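Quick caveat: nothing in here was measured; it's all calculated off a predicted structure. So you know, we letter chains A, B, ... as the sequences are listed, proteins then strands, and number each from 1.
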Amino acid sequence: MGKESEATATIRTRKFLTNRLLNRKQMVVDVLHPNRATVRKTEIREKLAKMYKTTGDVVFCFGFRTAFGGGKSTGFALIYDTLDYAKKIEPKYRLVRQGLLELKKTARKQRKERKNRMKKARGTAKAKMAAATKKVKTILTIL
Amino acid sequence: MQMHLPSMESTMKNDTDVTVASDLSRGVALLAELATNLGSVGAGFKALTEKVRDGNFRTEKGLGLFELKNQSFLSYMANLTCIILRKLKGLKIENDQSIERLVEHRVVLERIRPLEDKLKYQIDKYIKMAAEGVVSADDPSHLKGNIDNIGSSSDEDDDAIQEQSMKTKKTGDENHEIYKIPKISQTHYDDKDNSEMAKERARRRVLNSSMLRDAIYEHTDDPEVVYNIDVLKQKSIRKRKELEAHEEDSFKRLTVSRAERASMHEVTTLGTIGSEMLSFNSLEPLQDDYDPSSPAVKRQRKGSRLAEGKKVKASSKSKKGFKKRRKQ
């Protein structure tokens, strides 16, 4: 059972629009892939980057849905002017998907327990308690 | 009069080519007619020139429609006489400037005609008025509303007007009056017209239902029309297309609820016959005393809906998924 990654996939873009307000190009992407499973987003990114002569890291694609019967899938793609703009404008979950952002969150239970403990204190004591509880806080580390 | 003169021209032409005898008598009669008509035209002309000299025709406000018509008529006559004179003398009328002018005036007169037709009613009315000196009794402008009559009704049953009138009577000076919002008590809105529409709608629903259509089809001689399209499928296709278009325009995927997705899916299976085909409709809307808003009717409708298997949930939360996940 070998992967048929050699089979070609054709990418067509529709409804192309240059969004000057958000410094990006947005389009609807049609992928034709007969006799092949749905194409991975990374592959589509590379192909789009080649088509629009940019690097792959400013291309964000999402929302791919395969038509019934297979062979064709439709999704959206956004190509930013620079990576800075991309980091400012794209929602965090998409940045996480692409690996540009890491979101560390404490477990939900832990957060709720901490909140309940802080309810017992008042004023500056609350702040002390917050500092005292050496739990892992939400860190946003940007690679 | 314009009609006589061209025929005069043609008879003159024929005389020169064909033997004279048969047409001569006719020609003589026409000539006599010509003479009399010319006399009358001459008289009219004289009167007109008198008027012009007296200054009865003023063009300060521009040229009126009838002014234009009269002028072009006169010009037409003049040019026509010019050509006839030339013919009578035996000269050629080829490339004569009068002909061009004639054509121009003819076109103007023909263009004026539809405008005149549109104004016909007004013109006749005013002529009649001028002739009789008094507006006729049939004039519909008598039925126009009188603006002065608005607001001066003696029976004031509206609370607001009564209050205001009372206040003005008290103070007498309208400038120092504080404007107070009129207190109009709330009254029940009677939606009378809607029930008739609802009756009509219910009646049409029953008549167009498949049950009655099959029953009627047995007794009519109309040919059967077979449609090749499935209405339900078309509906679902259209809905899906609309959804797709919306998603692509707004660049996001919309969530479709489980129930909606199931309903969209079940239509695409082959051979689906919807509930519209298989249901029974009560024939009450066809009766005269049908009241669509009565509670008995509403209960009946709700009952039938439950029988079709559509579940009417009290709460909108679907706890199925969470419970399933929790168990796992």
Student: For the CZ atom of A:R65 and the CD atom of B:E244, what is their distance to the nearest 0.5 Å?
Tutor: 8.0 Å
Student: May I ask you to check whether over 12 heavy atoms, not counting those of B:K144, lie within 6.0 Å of atom NZ?
Tutor: no
Student: Within a 6.0 Å radius of atom CZ on B:R253, are there more than 12 heavy atoms belonging to other residues, nucleotides or ligands?
Tutor: yes
Student: Give the minimum heavy-atom separation between A:V28 and B:F251, together with the two atoms involved.
Tutor: N-CZ, 4.2 Å
Student: Hey, are the side chains of A:F62 and B:K252 touching, using non-hydrogen atoms and a 4.5 Å cut-off?
Tutor: no
Student: Take atom NZ in A:K112; do more than 12 heavy atoms of anything else shown fall under 6.0 Å from it?
Tutor: no
Student: Is it the backbone or the side chain of B:E247 that comes under 4.5 Å from a heavy atom of chain A, or both, or neither?
Tutor: both
Student: Where does A:L78 contact chain B at under 4.5 Å (heavy atoms): side chain, backbone, both or neither?
Tutor: side chain
Student: Evaluate whether atom CZ of A:F16 has more than 12 neighbouring non-hydrogen atoms of other residues, nucleotides or ligands under 6.0 angstrom away.
Tutor: yes
Student: Where on A:R14 is there a heavy atom nearer than 4.5 Å to chain B: the side chain, the backbone, both, or neither?
Tutor: side chain
Student: Give a yes or no on whether B:K199 atom NZ has more than 12 heavy-atom contacts from other residues, nucleotides or ligands under 6.0 Å away.
Tutor: yes
